[in-house]
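Notes for the one structure printed next.
As the structure is a computational prediction, the values presented were derived from the model and not from experiment. Order of appearance sets the numbers: ligands from 1, and atoms from 1 within every ligand. Numbering starts at 1 and runs along the sequence shown.
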Amino acid sequence: MCQQCRGNYYITTPIYYPSAKLHIGHAYCTVATDAMARYKRLQGYNVMFLTGTDEHGQKIEDKAKEAGVTPKEYVDNIVEGEKGVRDLWKLMNISNDRFIRTTDDYHVAAVQKIFKKMYDNGDIYKGTYRGKYCKPCESFWTESQLVDGKCPDCGREVVDAEEEAYFFRLSKYASRVRDLLVNTDFLEPRSRVNEMVNNFIDPGLEDLCVSRTSFTWGVPVDFDPGHVVYVWVDALFNYMTALGFQNDKYHDLEAFWPADVHFVGKEIVRFHSIIWPAMLMSLNLPLPKKVYGHGWLNFGGEKMSKSRGNVVDPYILAEKFGVDALRFFMLRTFPFGSDGNFTNESLINTINLDLANDLGNLLSRTTAMVGKYFGGKLPAGSGVTEAERQAVELVQSKPEGGYIVTAEGPEKTDAELVTLAASLRDRYEEQMERYQFQNALEAVFKVIRRANKYIDENAPWVLAKDLAANGARLAHVLYNLLETTRICGVLLTPFMPGSMDKLFAQLGVGDEGRTWDSAAQWGVLPEEAAPVKGENLFPRIDMEKELAALEALNKPAAPAIPLAEAKPEIAFDDFEKLDLTVVKVLACEKVKKSEKLLKFTLDDGTGAPRTILSGIAKYYQPEELLGKTLVAVTNLAPRKMMGQLSCGMLLSAERGDQLHLVKLSDEILPGSRLV
Ligand code: ME8
């Protein structure tokens with residue numbers, strides 16, 4: 001630990017699956033971790049911030065096969081290639097101290113040793129695995145854990161799996177883990193504790209299958225060839241191997257383990273709060289101090305993901321709006337522990353209101369006025385007054401508030417602004433310590449809004465009309481504004497590091513005015529402050545124009561239809577042979593064991609329900625089609641599919657990989673004919 005520092009601090013993000021390019025949802029957790037790491041560095045901690053990639057498992061093996069490359073080539077491209085994981089973190093200005101890839105040799109060798117240790121101590125044993133496996137999530141489930149027969153995490157189909165396998169005695173640690181969750185602050189927010197206890201621990205923790213033989217892309221179990229270590233065991237230990245646990249690549253374990261906090265998305269809290277501590281208990285290792293399960297960034301009400309086709313590209317958004325605006329938006333808008341709905345409107349709104357209107361205006365008005373009224377440099381004597389010094393002392397000695405401004409007139413506005421700004425750091429710190437980024441930022445913006453109001457209250461343009469009489473007052477008003485902006489700038493630095501460098505350059509503030517200590521001091525700026533008005537840090541965005549531009553980008557360009565695909569001309573009589581009937585959906589369900597088919601029970605106006613099977617399960621959830629009025633070809637010869645008879649065909653509009661059922665107004669009665 002260094003001499004002046006407050007201690008060591010270790011924070012991690014989950015390590016990402018390089019199974020597809022990352023989207024803005026992935027960036028959410030990493031940006032939050034980055035803000036926290038920068039905040040801790042600002043406070044004077046010696047920070048270790050780890051991120052990386054989780055590169056083994058069947059999903060990667062399958063994807064590589066599909067792409068015709070080796071798994072290592074496949075992950076190398078997504079991790080190191082253009083616009084890959086590393087590039088994205090560079091773009092987002094992520095300040096990680098270390099980056100681990102689970103394919104790194106030192107990690108692989110360490111995982112083998114760790115697995116062997118748990119085998120030797122009797123917590124890993126050999127058995128037969130029978131159960132369900134969700135490929136996309138790389139998760140094993142027991143029958144009782146499935147929801148409607150599907151993976152409880154992602155809702156997708158699971159497959160039967162049976163093979164010789166090693167098991168970890170998770171059941172042995174159930175009561176210790178339960179105690180950890182219920183009786184300590186190990187897992188936050190608290191709501192996640194109830195979820196874990198009620199859904200997983202209390203129904204009975206079964207031993208966990210920790211090796212596979214049906215594929216090879218994983219860490220080999222060195223004492224039993226053919227087995228590879230379950231990808232989650234491999235992945236979770238990254239947090240320790242990256243510090244040097246069971247390897248000689250690094251030597252930071254003593255300084256940084258146990259971790260101060262693991263930030264993880266809510267769907268992987270189970271692995272971090274049950275399996276991870278149980279394995280550490282098995283090895284008699286200290287447990288991390290905290291796991292924080294953040295919410296998801298949703299898009300249009302659903303979790304953003306590549307497979308759901310609604311990916312928001314961080315490169316496009318960062319290029320359009322700036323990296324800092326994007327970082328700021330994510331942490332300013334959504335409470336970290338809950339889900340949030342990402343919309344382009346709210347992104348632009350936040351930029352326009354907080355950054356352009358409030359912060360940007362405060363900076364540009366203030367620096368411009370110093371230029372205009374004082375030739376760019378405030379006169380001597382513009383700084384802190386004795387009354388303000390006393391007010392600051394008083395407010396800082398009352399951390400719980402309770403400070404009452406007694407001054408009158410302009411001095412009242414001074415005292416209000418100065419005390420609010422000088423006590424901001426405490427309010428901010430309280431929220432940051434609880435990972436409540438939204439609240440910490442709201443505290444800062446409350447001060448920024450107060451400063452803008454202070455400009456209106458003191459009307460510098462009126463004071464400037466008679467500089468001989470009001471010059472000193474005007475200079476003092478501007479000094480207070482610059483000093484307030486400085487304090488806010490220090491506290492915004494973890495969120496928008498690049499923009500705050502520019503802000504401080506404009507304020508003319510050097511390193512001494514950017515420290516954690518200086519954020520709780522009033523009067524750090526020299527009296528003869530000489531700010532320079534520079535570029536507009538956060539230009540206003542034309543909402544309508546940008547929304548339209550984004551909309552156009554989000555729509556995949558439909559491929560042109562080659563003429564050759566048009567069908568030959570037909571006679572009118574041929575067209576007349578079709579019975580096109582209006583039908584209403586009475587029931588709709590997925591066909592068992594089929595990934596494509598939905599089974600519809602339809603009212604076709606005859607009084608007898610009609611069954612049609614349609615291969616559109618990829619495009620619709622059955623529930624969303626209930627009660628809809630559609631069009632069917634009702635005189636097609638019946639066809640058997642998956643053992644069931646389908647009587648007709650539903651009309652849909654298709655282009656490229658887009659498909660929409662033809663829907664009609666509900667006013668049209670079932671049985672009506674299309675002519
Ligand atoms: O889970 N909103 O990797 P991953 C918020 N390899 N967070 C999101 C998100 C969204 N829309 N989409 C993804 C893994 N995430 C494992 C971790 S750790 C030992 C192994 C978050 O690439 C997700 O919740 O699927 C998770 O925390 C992280 O991105 C990585 O997801």
Side-chain angles (χ1 to χ4, degrees), residues 11-34 50-60 63 75 78-79 84-85 88-89 92 94 99-103 107 111 114 134-139 151 153-154 156 192 218-219 229-242 259 261-277 279-280 288 291-314 329-331 333-343 437:
I11 184 166
T12 67
T13 70
I15 48 172
Y16 293 79
Y17 281 127
S19 62
K21 298 267 184 215
L22 301 190
H23 50 71
I24 194 80
H26 290 114
Y28 181 50
C29 183
T30 309
V31 166
T33 313
D34 186 65
L50 173 72
T51 188
T53 43
D54 174 10
E55 305 186 2
H56 291 124
Q58 186 163 9
K59 188 163 59 172
I60 305 275
K63 290 232 169 191
V75 290
I78 298 187
V79 178
V85 180
L88 178 61
W89 296 156
M92 298 304 295
I94 301 301
F99 189 99
I100 184 170
R101 297 182 58 178
T102 55
T103 49
H107 173 80
V111 168
I114 292 164
C134 174
K135 264 201 204 180
C137 295
E138 315 262 13
S139 297
C151 170
D153 273 353
C154 72
R156 281 179 276 209
R192 309 244 181 257
V219 174
V229 174
Y230 174 41
V231 67
W232 268 102
V233 174
D234 165 7
L236 284 162
F237 275 100
N238 92 88
Y239 299 129
M240 291 188 73
T241 61
V261 63
H262 295 310
F263 277 178
V264 301
K266 65 179 184 179
E267 85 284 18
I268 58 172
V269 162
R270 182 171 71 97
F271 299 96
H272 285 83
S273 68
I274 298 178
I275 297 171
W276 181 221
M279 289 194 299
L280 292 171
V291 170
Y292 193 91
H294 66 77
W296 283 345
L297 223 53
N298 292 330
F299 193 76
E302 279 187 53
K303 188 189 178 202
M304 238 175 248
S305 77
K306 183 92 183 158
S307 54
R308 296 198 185 172
N310 51 17
V311 182
V312 182
D313 187 336
F329 166 70
M330 288 193 267
L331 300 177
T333 314
F334 313 112
F336 193 47
S338 325
D339 290 353
N341 202 21
F342 186 107
T343 66
F437 306 112

Would Val264 count as being in polar contact with ligand 1, using the rule that some N or O on each side must be under 3.5 angstrom apart? no
Say whether, by atom type as modelled, one donor and one acceptor occur between the side chain of Arg192 and the main chain of Gly337 under 3.5 angstrom. yes
Can you list the atoms of ligand 1 that are under 4.0 Å from a heavy atom of Leu297? 2 (N), 5 (C), 10 (C), 11 (N)
Kindly indicate whether the side chain of Tyr292, heavy atoms from C-beta on, has any atom under 4.5 Å from the side chain of Val264. no
For ring-ring contact (aromatic ring centres under 6.0 Å, His included), just list the numbers for Trp89 and Phe99, CA-CA rounded to whole Å, side-chain angles, deciding distance to a tenth of an Å, and then say yes or no. CA-CA 11 Å; Trp89 296 156; Phe99 189 99; 8.3 Å; no
Considering the heavy atoms of Trp232, write down every atom of ligand 1 situated less than 4.0 Å from one of them. 16 (C), 17 (C), 18 (S), 19 (C), 20 (C)
Output the list of atoms in ligand 1 that are nearer than 4.0 Å to some heavy atom of Ala235, sorted by atom number. 19 (C)
Out of Asn298, Asp54, Thr12, whose heavy atom sits nearest atom 6 (N) of ligand 1? Asp54
Atom 3 (O) of ligand 1: which of Tyr239, Tyr17, Phe271 has the nearest heavy atom? Tyr17
Under a 4.5 Å cut-off applied to non-hydrogen side-chain atoms, are Asp313 and His23 in contact? no
Tyr28 and ring pair (Phe, Tyr, Trp, His ring centres under 6.0 Å): which single residue from Phe329, Phe336, Phe263 fits? Phe336
May I ask you to test the Thr12-Val261 pair for a side-chain heavy-atom distance under 4.5 Å? no
Nitrogen or oxygen atoms of His294 and ligand 1 under 3.5 Å apart: no
Non-hydrogen atoms of Gly295 versus ligand 1: any pair closer than 4.0 Å? yes
When only distance counts, is Ile268 in polar contact with ligand 1, meaning an N/O pair under 3.5 Å? no
Among Asp234, Val231, Thr102, which residue satisfies the side-chain contact (heavy atoms from CB on, under 4.5 Å) criterion with Glu55? Thr102
Against heavy atoms of His272, which atoms of ligand 1 measure under 4.0 Å? 18 (S), 19 (C)
